[in-house]
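Working notes, structure below.
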Amino acid sequence: MIKVITYGTFDLLHQGHINILKRAKALGDYLCVGVTTENFDVSRGKINVRQSLMERIEAVKATGIADEVFPEEYVGQKIDDIKRNNISIFAIGSDWKGKFDYLNEYCQVIYLPRTEGVSSTQLRSNKPVVIGTVGSDPSMTKLIKTAAAVDGVEMGKVFLDEEYFGNRKSFTTVYDSYDKMLDKVDAIYVATRPEKRYDFIKRAIEKGKHVISNSPMALSAEKYDELTATAHRNKTVLFDSIKTAYMLAFSRMILLVKGGLIGDVKSIDVTCTSLENYDWLVKTKYFSSFTDWGAIALLPIFKLLGLGYKKVSFSSLGDDNLDDIFTKVNMEYDGAIATISTGLGVKSEGDLRISGTKGYIYVPAPWWKSEYFEARFEDASNNKPYYYKSDNEGLSMELVHFARCIRSGDGNFYVESEISRAVADVMELYNEKK
């Protein structure tokens, strides 16, 4: 059997892609296709994809041309794939001519003619989504800098709702009025402190603007429902920014656990603490450690155990500067339990442990940014590490997906609306307890 392999991003699959796949398949009996992750774009300094990795993989599968489709995730994988799959021919578009001659050591390399007049770049060349930013979070500068490398979005317009302690160099325009900025943008990124988000989101969607917001978007389920209803009436996208959800390692870990890697999940222990920006938080009277960290901490719990918890309890510590510098949360499910520790001005090991009936998952600190996790078992010889490189702590893929949802009208499948609502509901329970 003659096995052929080819690679590509396959973003916005078009006739040129299909022609390449057909030509590659015609060279042999069995075609393997590697779909390149967005991380390769990051290494080149630009994210040009408009679709997620899974969307692109499914699009290639749907052609029916490939016999096997898989992600290309790391430098040097081509050689590993060729050896592992006993490949006879490596085929790639002629625009890469000469770039892969080094693979002749392992198999025959053939450069295929490309279809003239059609490319993903041309299909992506529509007007970028202009996103304004409102808030005071110092991370706004990093967000705007990251956006410069994401195709299809434009950021830099800012309204500072209170004193800003971050670096302003990445801002192109600072407005003295929120409404003035709304008139100049297609969408808004809300990065205010939690108790202010609802009002800024509501004003934006009432003016027909799409919204991406730090989580929680509201501090009660009722207010969240009001925002979603308003967004629906105004045909705007309401998008939850829990950045960890867009990390490749996190999404792969969730899939592996749901697939039974460690058996039935019985316990999840999550810790999120930080000393960073504590002085700024004190000056701005930031709400609490739990409203700052809670959405991130709840994400793996809701993804794996669901939203049907039976009981939740809170224990908090305050100091002279913040109402809540440390909070401990206990959640009870039928057949499972979860614990959360959040801290601002209090430091602990920010790891994640997921315990199952066959083994457990360990994600080292800071787990919410981690590109690495381990599956561990009673027999240590079965332990396995997993590495998945991500871009800018999930920021780039978050912006790519937000822009895609605006253009397609689809919902956010990284952070489902049901999870956003459940986060708001837990926040309300927490504030009632306080």
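Keep in mind that this is a model prediction, so the values were computed, not measured. Just so you know, these numbers use all the heavy atoms, side chains as well, and skip hydrogens, waters and symmetry mates.
Checked against ring-ring contact (aromatic ring centres under 6.0 Å, His included), F314 has the following partners two or more places apart in sequence or in another chain: F290, Y430. Every residue meeting the salt bridge (charged side-chain N to carboxylate O under 4.0 Å, His left out) condition with D183, not counting sequence neighbours, appears here in chain and number order: K207. Residues satisfying the side-chain contact (heavy atoms from CB on, under 4.5 Å) criterion with R421, sequence neighbours excluded, are A221, Y224, D225. Among residues two or more places apart in sequence or in another chain, the ring-ring contact (aromatic ring centres under 6.0 Å, His included) test is passed with F377 by none. Every residue two or more places apart in sequence or in another chain that forms a side-chain contact (heavy atoms from CB on, under 4.5 Å) with T230 is listed here: I205, E206, E226, R233, N234. Annotation: side-chain contact (heavy atoms from CB on, under 4.5 Å) contacts of E222 (sequence neighbours excluded): S220. Residues satisfying the ring-ring contact (aromatic ring centres under 6.0 Å, His included) criterion with F171, sequence neighbours excluded, are Y164. W368 meets the ring-ring contact (aromatic ring centres under 6.0 Å, His included) test with W293; sequence neighbours excluded. Evaluation of the side-chain contact (heavy atoms from CB on, under 4.5 Å) rule for S170 yields T141, I144 as partners, not counting sequence neighbours.
At a threshold of 4.0 Å, the pair E55-R404 counts as salt-bridged, since one of the basic side-chain nitrogens sits closer than that to a carboxylate oxygen.
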Tabulate below the donor-acceptor pairs under 3.5 Å that side-chain atoms of residues 60-70 make, not counting sequence neighbours, or state none.
unit_1 : atom_1 : unit_2 : atom_2 : d
T63    : OG1    : V60    : O      : 2.6
T63    : OG1    : I65    : N      : 3.3
D67    : OD2    : K25    : NZ     : 3.4
D67    : OD2    : L31    : N      : 2.8
E68    : OE1    : Y30    : OH     : 3.2

Side-chain polar contacts of residues 298-306 - donor-acceptor pairs under 3.5 angstrom, sequence neighbours left out - could you list them?
unit_1 : atom_1 : unit_2 : atom_2 : d
K303   : NZ     : Y414   : O      : 2.7
K303   : NZ     : E416   : OE1    : 3.2
K303   : NZ     : E416   : OE2    : 3.4

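Using a 4.5 Å heavy-atom cutoff, the side chains of R353 and I268 are not in contact.
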Working for ring pair (Phe, Tyr, Trp, His ring centres under 6.0 Å), residues Y386 and Y372 | CA-CA 6 Å; Y386 293 84; Y372 163 81; 9.0 Å; no
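Residue pairs meeting the side chain to side chain donor-acceptor pair (under 3.5 Å) criterion with at least one member in residues 256-266: none, sequence neighbours excluded.
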